[in-house]
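A short worksheet on the structure shown next.
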Amino acid sequence: MGETARRDFYGVTLPNPLMLGTAQYPSPAILAEAFRSSGAGVATVSLRREGGAGHDFWKLIQDLGVRVLPNTAGCHTVKEAVTTAHMAREVFETNWIKLEVIGHTDTLQPDPFGLLEAARILTDDGFEVFPYTTEDLVLCERLVEAGCRVLMPWGAPIGSGLGLNNVYGLRTLRAHFPDIPLVIDAGLGLPSQAAAAMEMGFDAILLNTAVAKAGDPAAMARAFSRAIEAGALARDADPMEPRDMASPSTPVIGKAWLA
């Protein structure tokens, strides 16, 4: 990555703001190649995935040499999410947890009430919580008050590839929390969407399906990584403001005038 400003995630500065999921890849070898080609700094891992694949999968993740972010994917209740988080801490030996409490089966939208309750419980238990949330400003305020030092708003429903559905809400969130690391989590389908999020000032991108289900996952992972870098560089370069009227880029001073 370039020398763009990077934000700490619970005291950890990532070498690359791309976070990749580890599910749905055609093979373990392709998963590993996606991480190598992109330089992703974090691997998100489901306890269910570890339980199903066993020691070989965990060895593969360890060999990637990246930070591990366990998640509570598929949990629909506070009790289920908290229990899964505790089990994940034992298995993966980290206090980091991506907290998901799903409230709607079709959209996989987070349950705001369950999410907030679980976040409070886990923060009190010493977890460093990465909450998967919507762009709801009030909910995000409550999550920060509960002890969350990172927020992970969705771009669109998980696995949809729809991109940034509510640009206004995401911009508002960024402006309201200038000092909180913000990660776009879920819904991106194209590298250009990741670049747009970074241009808006987001600090990292988490995705899985757009890479794992691509025809060439390694190439797509690399494309996302480069798009993220481009977006961050553009943000740091202080882009021009949009204008309603044209403004000539070639000066007219000294132009020859013909009679």
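All values below were derived from every heavy atom in this structure, side-chain atoms included, with hydrogens, water molecules and symmetry-related copies excluded.
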Pairing of Glu229 and Arg226 as salt bridge, 4.0 angstrom limit: no
Donor-acceptor pair between Asn16 and Ser38 side chains, under 3.5 angstrom: no
Sidechain N-carboxylate O distance under 4.0 Å for Arg120, Asp124: no
OH on Tyr132 to CG on Leu99, rounded to 0.5 Å: 12.0 Å
Thr72 side chain vs Glu100 backbone, donor-acceptor pair below 3.5 Å: yes
Check: Phe202 main-chain N/O paired with Arg235 side-chain donor or acceptor under 3.5 Å: yes
Side-chain (Arg142) to main-chain (Glu145) donor-acceptor, under 3.5 angstrom: no
Within 45° cone and under 6.0 Å: Arg89 NZ/CZ vs Phe127 ring: yes
Residues, nucleotides or ligands: over 12 heavy atoms within 6.0 Å of Met87 CE: no
Glu117 side-chain N/O to Gly114 backbone N/O, donor-acceptor pair under 3.5 Å: no
Rounded distance (nearest 0.5 Å) linking atom CZ of Phe92 with atom CD1 of Ile97: 8.5 Å
Asp203 side-chain N/O to Pro17 backbone N/O, donor-acceptor pair under 3.5 Å: no
Expected output: side-chain Ser37 to main-chain Ala218 donor-acceptor under 3.5 Å: yes
Point-to-point distance, once rounded to the nearest 0.5 Å, from CD of Glu199 to CG of Leu233: 10.5 Å
Parallel, tilted or perpendicular: rings of Trp96 and Phe130 (30°, 60°): tilted
Check: Gln193 side chain, Gly189 main-chain N or O, donor-acceptor pair, under 3.5 Å: yes
Ser160 (side chain) donor-acceptor with Pro157 (main chain) under 3.5 angstrom: yes
Residues Thr107 and His104: side-chain donor-acceptor under 3.5 angstrom: yes
Backbone of Arg149 reached by a side-chain donor or acceptor of Tyr10 within 3.5 Å: yes
Donor-acceptor contact present, side-chain Thr172 to main-chain Tyr168, <3.5 Å: yes
Polar contact flag, side-chain donor to acceptor under 3.5 angstrom, Asn166-Glu135: yes
